[in-house]
Amino acid sequence: MSLNESDIELIKEFSSNMGTTDIEGQINNCHMYAKLLKSALNEAEEERNEKSRLYCSLSVMAAAAFSVIII
């Protein structure tokens, strides 16, 4: 799975808090965890963008090095 430890912990905390309060408390709990998950998603997207640029530049460098070796 592509979930890291903090994502799994967030899901566990969310599920443990459900059903312990009234309806308003559960709605607030859902809104709070939706915001937390949205920020975790944004961080994961930023990390993916950074790593994809790294792999792209590494492949270009490897191709350049291979062509220099061939020539």
Side-chain angles (χ1 to χ4, degrees):
M1 288 178 36
S2 62
L3 296 174
N4 59 22
E5 292 294 322
S6 64
D7 296 337
I8 294 171
E9 191 64 32
L10 239 136
I11 294 169
K12 285 180 182 177
E13 289 175 8
F14 173 72
S15 63
S16 69
N17 289 335
M18 289 305 292
T20 57
T21 61
D22 61 347
I23 293 174
E24 284 297 318
Q26 290 181 21
I27 291 171
N28 291 336
N29 187 39
C30 289
H31 288 301
M32 181 183 72
Y33 278 99
K35 288 179 184 177
L36 291 173
L37 288 171
K38 198 174 287 188
S39 67
L41 176 65
N42 289 338
E43 289 175 12
E45 287 175 343
E46 289 174 8
E47 183 179 349
R48 181 198 62 193
N49 290 338
E50 289 176 11
K51 287 185 179 180
S52 67
R53 282 185 290 191
L54 172 70
Y55 291 131
C56 185
S57 62
L58 282 175
S59 65
V60 169
M61 293 299 290
F66 182 72
S67 64
V68 167
I69 291 172
I70 296 284
I71 294 175

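Positions are given from 1, in the same order as the sequence printed here.
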Visitor: Rounded to the nearest 0.5 Å, what separation is found between the OG atom of Ser16 and the CD1 atom of Ile11?
Guide: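 If we round to the nearest 0.5 Å, Ser16:OG and Ile11:CD1 are 12.0 Å apart.
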
Visitor: How far does CD of Glu43 sit from CG of Asn4, to the nearest 0.5 angstrom?
Guide: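 CG of Asn4 is found 9.0 Å from CD of Glu43.
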
Visitor: Hey, any chance Phe14 and Ile8 share a hydrophobic cluster, counting ILVMFWY side chains that come within less than 4.5 Å of each other, even indirectly?
Guide: no

Visitor: Do you know which two heavy atoms are closest between Met18 and Asn29, and how far apart they sit?
Guide: SD-ND2, 3.4 Å

Visitor: Which value, rounded to the nearest 0.5 Å, describes the distance between Leu37 atom CG and Lys35 atom NZ?
Guide: 13.0 Å

Visitor: Indicate yes or no for a side-chain donor-acceptor contact from Asn28 to the backbone of Glu24 under 3.5 Å, with no hydrogens or angles considered.
Guide: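 Yes, Asn28 side chain to Glu24 backbone: donor-acceptor pair under 3.5 Å.
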
Visitor: How about CG on Leu58, more than 12 heavy atoms from neighbouring residues, nucleotides or ligands closer than 6.0 Å, or not?
Guide: yes

Visitor: Once rounded to the nearest 0.5 Å, what's the spacing between atom CD of Glu46 and atom CG of Leu41?
Guide: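 Between Glu46 CD and Leu41 CG, I get 10.0 Å after rounding to 0.5 Å.
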
Visitor: Should Asn17 and Tyr33 be marked as a side-chain contact (heavy atoms from CB on, under 4.5 Å) after you check the CA-CA gap, both sets of side-chain angles, and the distance that decides it?
Guide: CA-CA 10 Å; Asn17 289 335; Tyr33 278 99; 3.2 Å; yes

Visitor: More than 12 heavy atoms of other residues, nucleotides or ligands under 6.0 Å from CD of Glu45: is that the case?
Guide: yes

